[in-house]
Amino acid sequence: MRIQESMTMYEKLNILTDAAKYDVACTSSGTSRKSDGTGIGSCEQSGICHSFSADGRCISLLKILFTNECIYDCKYCVNRRSNDVPRASFTPDEVCTLTMEFYRRNYIEGLFLSSGILKSPDYTMELIYAALYRLRSRYHFQGYIHVKAIPGASMELIQRVGFLADRMSVNLELPTAEGLRALAPHKTRKNILTPMRLVQNRMAENKQELTLYRNAPRFVPAGQSTQMIIGATPETDYQIIQVAESLYQKFELKRVFYSAFVHVNDDSALPAKTGEGPPLLREHRLYQADWLLRYYHFKAGELLSEENPNFNVLFDPKCNWALKHLSEFPVEINRADYKMLLRVPGIGYKSAVRIVKARRLGTLDFADLKKIGVVLKRALYFITCGGRMMYPTKIEEDYITRNLLNAGEKLPKDVVNMGYRQLSLFDDVRFGENFYEDSICV
């Protein structure tokens with residue numbers, strides 16, 4: 001294999017943006033790399049502006065693969081070695097040119113760079129390092145960069161890249177080691193977790209360095225993330241969120257991303273095609289549960305169990321938990337602590353903060369809660385104000401379930417209707433500003 005130079009840059013761009021569309025770990029939050037006035041771009045938290053395509057994925061970053069050549073033959077991957085697909089590779093200078101030209105046209109705020117494995121993990125990581133080094137030093141680009149670390153590459157290379165990137169991620173690929181052995185036998189869990197641990201440890205060391213030397217170079221200031229493919233292997237939702245919880249606790253990840261399995265290859269080891277498309281509702285429920293793990297103080301064992309291993313298709317995980325734990329309700333809004341407020345369906349973490357602050361000034365009633373932003377059509381079954389419920393209500397699972405179903409479970413239309421087309425930098429479809437508060441957080 002070699003870097004393909006016979007194609008035009010535009011031809012390569014068409015191939016390598018399309019090849020990157022299944023990688024969803026594409027966010028640019030959590031960093032504050034400032035411009036020093038000598039370069040181009042800025043990465044302050046208020047300066048990273050996201051826009052979304054019709055399927056909800058962030059497209060504020062130029063999202064490309066360095067190459068779709070690959071020495072591996074993962075059964076689920078469109079870029080696997082045995083597939084007969086058009087192949088292309090950028091040069092480091094081409095990655096720099098594309099990033100700068102897209103940035104100057106105000107199409108992007110930064111770069112998301114992943115890659116197949118060209119020749120070897122070290123060879124590929126060397127090329128990625130060369131691209132980022134030139135982008136930072138020769139072109140003085142100070143915007144956001146998210147880069148994928150290549151499992152199996154040397155720790156020295158990964159560390160060098162970490163001082164140039166804002167966020168790094170190593171794809172877990174599949175939730176369990178058994179799934180990895182079945183569908184990606186060239187990869188091992190050890191090769192994936194080793195660079196994760198390196199990034200975690202080096203980030204901790206860097207924090208200490210920065211307390212002593214303010215101008216010390218920063219190592220992966222926006223943290224690290226990972227991605228799991230959901231539905232290619234038979235793990236339950238309970239197994240998946242246990243893995244996610246373990247990753248958050250042991251590796252201090254910023255995000256775990258879940259990617260619904262898409263049939264792009266015919267292989268007997270993969271699930272049979274059903275005609276129903278990717279498991280997008282399952283992906284959505286996992287994101288909702290992930291939000292509960294990170295912001296709502298839930299544990300994986302509270303949401304699911306071995307006896308009840310999969311999420312309810314009708315209700316979001318928090319609402320389903322509340323229906324199964326009605327002995328905890330109703331909650332008195334004027335006395336409940338913050339963590340208990342977070343467990344009430346219809347109350348998001350921002351609303352919970354507002355409630356705690358507002359009740360210091362007086363007793364809250366249902367009209368106040370509506371102004372604060374509580375979704376009363378869901379919360380009214382689980383709360384009291386001044387010892388009274390909003391309407392006469394039975395604290396019975398069947399009764400509340402029927403009423404909630406009559407009110408309608410709120411699912412974003414795009415979860416039901418989305419397709420896996422390539423992102424366009426010129427899409428201007430945005431979710432409402434309360435999308436996450438309404439459909440994930442509460």
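Values in this document were obtained by computation on a predicted structure and should not be read as measured data. The basis for the numbers below is simple: all heavy atoms, side chains too, and nothing from hydrogens, waters or symmetry mates.
- Between Val262 and Ile229 the shortest side-chain heavy-atom distance does not fall below 4.5 Å.
- Ring orientation note: the planes of Trp321 and His325 are close to parallel, at an angle under 30° on the 30°/60° scale.
- With a 4.5 Å cut-off on side-chain heavy atoms, Tyr129 and Leu164 count as touching.
- Shown here for Leu293 and Phe298, the closest heavy-atom pair between the two residues is CD2-O, 3.5 Å.
- Partners of Asp267 under the side-chain contact (heavy atoms from CB on, under 4.5 Å) rule, at least two apart in sequence or in another chain, are Lys75, Arg80, Ala269, Leu270.
- Taking 4.0 Å as the cut-off between side-chain N and carboxylate O, Asp290 and Arg294 count as a salt-bridged pair.
- Seen from the ring of Phe311, Arg285 does not count as a face-on cation partner, given the 6.0 Å and 45° thresholds.
- Residue Lys119 holds its NZ atom at 10.5 Å from OG of Ser89, rounded to the nearest 0.5 Å.
- Two residues are said to be in side-chain contact when any heavy atoms from C-beta on lie closer than 4.5 Å; Tyr258 and Ile240 meet this criterion.
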So Phe261 and Tyr76, ring pair (Phe, Tyr, Trp, His ring centres under 6.0 Å) or not? Walk me through it.
CA-CA 8 Å; Phe261 170 65; Tyr76 50 82; 7.7 Å; no
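- Ring geometry for Phe382 versus Phe329: interplanar angle over 60°, hence perpendicular rather than tilted (30 to 60°).
- The side-chain tip of Arg255 points at the ring of Phe257 from less than 6.0 angstrom away and within 45° of straight on.
- At least one cation-pi condition fails for Arg343 and Tyr296: the charged atom is not both under 6.0 angstrom from the six-membered ring centre and inside a 45 degree cone around its axis.
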Go through Glu205 and Arg202 one step at a time and tell me if the salt bridge (charged side-chain N to carboxylate O under 4.0 Å, His left out) criterion holds.
CA-CA 5 Å; Glu205 293 170 5; Arg202 193 65 189 88; 3.5 Å; yes
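- To the nearest 0.5 Å, atom CZ of residue Arg81 and atom SG of residue Cys70 are 8.5 Å apart.
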Determine, stepwise, if the pair Arg218 / Asp166 fulfils salt bridge (charged side-chain N to carboxylate O under 4.0 Å, His left out).
CA-CA 9 Å; Arg218 304 189 70 191; Asp166 294 283; over 6 Å; no
For Lys299 and Glu245, run salt bridge (charged side-chain N to carboxylate O under 4.0 Å, His left out): C-alpha distance rounded to whole Å, both residues' side-chain angles, the deciding distance at 0.1 Å, then the answer.
CA-CA 8 Å; Lys299 303 294 183 184; Glu245 183 178 62; 5.2 Å; no
